[in-house]
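Remarks on the structure that follows.
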Amino acid sequence: MNPKILVMPNNLILLSQIEEVGGDIGEPDCKLIEPFIVNEDGTLSPWLVNITNQNNMVIHSDKVLTIVDPSGTLVDKYNELVKE
């Protein structure tokens with residue numbers, strides 16, 4: 001798996017696989033697969049777990065400040081959580 005770090009405008013940091021989805025103008029164009037919040041202590045928590053059972057979400061790419069590659073440690077943690 002090749003997850004990415006997404007930095008959101010509200011300082012939320014997500015670790016997720018990302019898939020570009022085509023759509024009409026104004027519709028969400030970024031699919032997040034198994035997104036997790038990167039906590040300040042380096043742990044990972046499922047995103048939106050308290051309000052949905054979905055593990056894939058779509059968002060507008062303009063809601064993301066930047067996308068970067070995660071450290072190897074975060075990738076290892078992510079892969080462990082996703083394979084469960």
Side-chain angles (χ1 to χ4, degrees):
M1 289 179 231
N2 192 20
K4 297 288 185 180
I5 294 282
L6 294 88
V7 179
M8 310 302 275
N10 61 355
N11 293 324
L12 179 70
I13 298 179
L14 297 176
L15 179 59
S16 179
Q17 296 173 68
I18 305 171
E19 185 177 298
E20 186 176 342
V21 293
D24 293 331
I25 294 175
E27 290 187 7
D29 57 354
C30 209
K31 180 178 182 181
L32 304 183
I33 303 165
E34 300 280 356
F36 284 82
I37 297 170
V38 179
N39 300 305
E40 288 187 24
D41 63 357
T43 59
L44 302 176
S45 304
W47 188 42
L48 302 177
V49 70
N50 295 330
I51 59 174
T52 185
N53 292 326
Q54 287 180 230
N55 59 0
N56 297 329
M57 293 91 171
V58 289
I59 64 170
H60 292 271
S61 58
D62 67 346
K63 302 299 182 215
V64 178
L65 291 178
T66 192
I67 299 173
V68 295
D69 292 323
S71 68
T73 304
L74 283 177
V75 172
D76 292 343
K77 289 178 185 179
Y78 179 84
N79 288 336
E80 279 296 314
L81 290 169
V82 170
K83 75 176 187 179
E84 293 180 351

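Residue numbers run from 1 in the order of the sequence given. Heavy-atom basis, side chains included; hydrogens, waters and symmetry copies ignored.
Side chain of Tyr78 to backbone of Leu44: no donor-acceptor contact under 3.5 angstrom is found.
Taking both residues in full, the closest heavy atoms of Val21 and Cys30 are given as CG2-N, 3.8 Å, listed atom of the first, atom of the second, then distance. When all heavy atoms of Asp29 and Ser61 are compared, the pair lying nearest together is OD1-N, 2.8 Å. Closest non-hydrogen pair, Met57 versus Pro35, comes out as SD-CG, 3.5 Å. The minimum heavy-atom distance between Ile37 and Pro46, with the atom names listed, is CD1-O, 4.5 Å. Counting all heavy atoms, side chain and backbone alike, Thr43 lies closest to Lys77 at N-NZ, 4.4 Å. Closest approach of Met8 to Lys63, counting heavy atoms only: CE-O, 3.6 Å.
Hydrophobic cluster membership is shared by Val38 and Leu65, with clusters built from Ile, Leu, Val, Met, Phe, Trp and Tyr side chains linked at under 4.5 angstrom. Each of Phe36 and Ile33 belongs to its own hydrophobic cluster when Ile, Leu, Val, Met, Phe, Trp and Tyr are linked at side-chain heavy-atom distances under 4.5 angstrom. Note: the hydrophobic cluster containing Ile18 also contains Leu12 (ILVMFWY, side chain heavy atoms under 4.5 Å, direct or indirect links). There is no path of hydrophobic side-chain contacts, each under 4.5 Å, that joins Val82 to Trp47. Note on Ile59: it clusters hydrophobically with Leu48, by side-chain heavy-atom contacts below 4.5 Å among ILVMFWY residues.
When each of Val75, Val68, Leu74 is checked for a side-chain contact (heavy atoms from CB on, under 4.5 Å) with Ser71, only Leu74 meets the rule.
Between atom CD1 of residue Ile13 and atom CD of residue Glu40 there is a gap of 8.5 Å, rounded to the nearest 0.5 Å. The distance from atom CG of Asn55 to atom CD of Gln17, rounded to the nearest 0.5 Å, is 10.0 Å.
Residue Asn39 qualifies as enclosed at atom CG: its count of foreign heavy atoms under 6.0 Å is above 12. Asp41 CG: more than 12 foreign heavy atoms inside a 6.0 Å radius.
In this structure, Glu19 and Asn56 have side chains that are not in contact, with every pair of non-hydrogen atoms separated by 4.5 Å or more.
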